[in-house]
Student: 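Provided herewith is a single structure, encoded as structure tokens, for subsequent inquiry.
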Number of protein chains: 2
Amino acid sequence: MKKKISIYDIAREMNVSSATVSYVLNGKAAEKRISKTLEQRIMAYAREVDYRPNMIAKSLRTGKTRTIGMLVEDVADPFFGNAARIMEGIARQLGYQLLFASTDNNPAVARGLLDVFRGAQADGYIIAPPPGLEQDVQALQEDGLPVVLFDRYFVGIPTTNVVADNFGGAYKATRHLQHNGHRRIALVTAESGQVQMGDRLRGYIQAMEEEDLPILTFNASTFPGIKSAIS
Amino acid sequence: MKKKISIYDIAREMNVSSATVSYVLNGKAAEKRISKTLEQRIMAYAREVDYRPNMIAKSLRTGKTRTIGMLVEDVADPFFGNAARIMEGIARQLGYQLLFASTDNNPAVARGLLDVFRGAQADGYIIAPPPGLEQDVQALQEDGLPVVLFDRYFVGIPTTNVVADNFGGAYKATRHLQHNGHRRIALVTAESGQVQMGDRLRGYIQAMEEEDLPILTFNASTFPGIKSAIS
DNA sequence: TTGAAAGCGGTACCAC
DNA sequence: GTGGTACCGCTTTCAA
């Protein structure tokens, strides 16, 4: 159980002040015009004793945690799992740590999670919002916290979102089938009331209407086995 | 952008010291024999201004972060994704926050991740270790940090592990097929050199040997399409 | 070139 | 019953 070493320990050992050590360790040696020799000595010693800064203390002082809270519907879902994993890698490269949590698409759960993240002083938020989270997202923004929505968004409330082109995708897919000579084309979807689903439906409908074809939709949620068609 | 309120703000408003506020907010009012009325007043005010403790400051002072670092092979993998999600829920119920990271089953990556977690002062670790992480796991333990391995473990190094009964499972499955009259039973596996795979293989072999049946194994990694048998 | 010291927001010991 | 205050480890201003 090697004892934690702090910048004071190394300052004492080097006969300098903690400030000097802090400067050197943060690459501000040049800026603060600290002698090259001193800098070398400190760096060498820090490496020797395997100094690791206490991020907690740093965060308390700077007010930044380099932490991003990420809310998805379910981390175990392949779509969100992959998204989480990829974003995690990118974040880490940029020196950020992602905090994940699953909302179950439940706004109450999501609210609780946001509270946890706020308690942890997350610097920013990446959210795949469940329906009903409008207020909370707005509250975050009003408090000056960076928020980006993904996979879904709220119509009417101004946010930065990254979403697939659901409308265009459904439209193109439908057109493609039409070009291949198909006439009876159905859309299997979920009636979740979520905006991304609605966008797909609209894309499909628009393509069908342009060709004056009948609209056919399967509701995957009410017919899990996909046994019958509605409308 | 409502300003962050601290216990000092509350203390000033209530004309008491920050110490008193801290006691009340931490349920130590009775223990510290603080008057019921004062307690009520402070609680009410805290609620009114929606006070949220700064966990960073709390962590710095107490040395505990109520955070657990979790290393899996791949968060996007359904097995690990589900494990992550379930553990996350339990942890949160207990007031802990899980930090996830994917090792890609690469010890170098895992080491870097452990460094990040240590920097974040994680209170404990849950690890599905890649081969070659023995030293690092031992180092954690020597530093007095709680570690639990899951899904795999290292033979010979003493750790707390939670793993499936791979040997017993393979043995029972094989026996089951034998009881149903099958004689040529093959094991499709991966030659990963990982202990859990070896355990399964041993369970299968033992069951086959007890009946004097021929050992047949498919190596799923060298024959991804599972086209031919070896041995 | 370098260092003293004031915080960041809490906790908890000890005194009154 | 309540409060003063030192301290957790680090950053940063200001002075020397």
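Just so you know, these numbers use all the heavy atoms, side chains as well, and skip hydrogens, waters and symmetry mates. Source: prediction; values computed, not measured. Here is the naming used below: chain letters follow the sequence lines, and residue numbers restart at 1 for every chain.
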Student: With sequence neighbours left out, write down each residue that passes salt bridge (charged side-chain N to carboxylate O under 4.0 Å, His left out) with B/Arg152, or none if nothing qualifies.
Tutor: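 Listed in chain order: B/Glu73.
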Student: Taking salt bridge (charged side-chain N to carboxylate O under 4.0 Å, His left out) as the definition, give me every residue that meets it alongside A/Asp136, ordered by chain and number, with sequence neighbours left out.
Tutor: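 By the salt bridge (charged side-chain N to carboxylate O under 4.0 Å, His left out) rule, A/Asp136 matches A/Arg111.
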Student: Tell me, please, which residues at least two apart from B/Arg61 pass salt bridge (charged side-chain N to carboxylate O under 4.0 Å, His left out).
Tutor: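 For B/Arg61 there are no salt bridge (charged side-chain N to carboxylate O under 4.0 Å, His left out) partners, ignoring immediate neighbours.
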Student: Identify, with sequence neighbours excluded, every residue that meets side chain to side chain donor-acceptor pair (under 3.5 Å) alongside B/Tyr96.
Tutor: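 With neighbours one apart ignored, the set is empty.
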Student: Produce a footprint string for nucleotides 9-16 of chain D: one letter per nucleotide, 5' end first; B if the base is under 4.0 Å from any protein heavy atom, S if only the sugar-phosphate is, - if neither.
Tutor: BBBBB---
Student: Extract, from 5' to 3' on DNA chain C, the first and final nucleotides lying under 4.0 angstrom from some heavy atom of chain B.
Tutor: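 Result: C/dG9 to C/dC14.
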Student: So, using salt bridge (charged side-chain N to carboxylate O under 4.0 Å, His left out) as the criterion, who are the partners of B/Asp165 when residues are at least two apart?
Tutor: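 If we apply the salt bridge (charged side-chain N to carboxylate O under 4.0 Å, His left out) test to B/Asp165, skipping adjacent residues, there are no hits.
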Student: With sequence neighbours excluded, tell me which residues meet side chain to side chain donor-acceptor pair (under 3.5 Å) with A/Asn161.
Tutor: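 Result, side chain to side chain donor-acceptor pair (under 3.5 Å) vs A/Asn161: A/Thr159.
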Student: Could you note down all residue pairs passing side chain to side chain donor-acceptor pair (under 3.5 Å) where residues 119-129 of chain A supplies at least one of them, sequence neighbours left out?
Tutor: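 Side chain to side chain donor-acceptor pair (under 3.5 Å) check on residues 119-129 of chain A returns A/Thr65-A/Asp123.
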Student: If you count the non-hydrogen atoms of other residues, nucleotides and ligands that lie under 6.0 Å from CD in A/Gln206, is the total more than 12?
Tutor: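 Yes, CD of A/Gln206 has more than 12 neighbouring heavy atoms, counting only those of other groups under 6.0 Å.
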Student: Let me test you: for the helix from C/dT1-D/dA16 to C/dC16-D/dG1, what is the angle between the axes at its two ends (five pairs each), rounded to 10 degrees?
Tutor: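 Terminal axis comparison yields 50°.
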Student: A/Ser17: which residues meet the side chain to side chain donor-acceptor pair (under 3.5 Å) condition with it, sequence neighbours left out?
Tutor: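 Applying side chain to side chain donor-acceptor pair (under 3.5 Å) to A/Ser17 gives A/Thr20.
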Student: Once side chain to side chain contact (heavy atoms under 4.5 Å, CB included) is applied, do any residues pair with B/Lys28, and if so which ones, sequence neighbours excluded?
Tutor: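 Side chain to side chain contact (heavy atoms under 4.5 Å, CB included) check on B/Lys28 returns B/Tyr23, B/Asn26, B/Glu31, B/Lys32.
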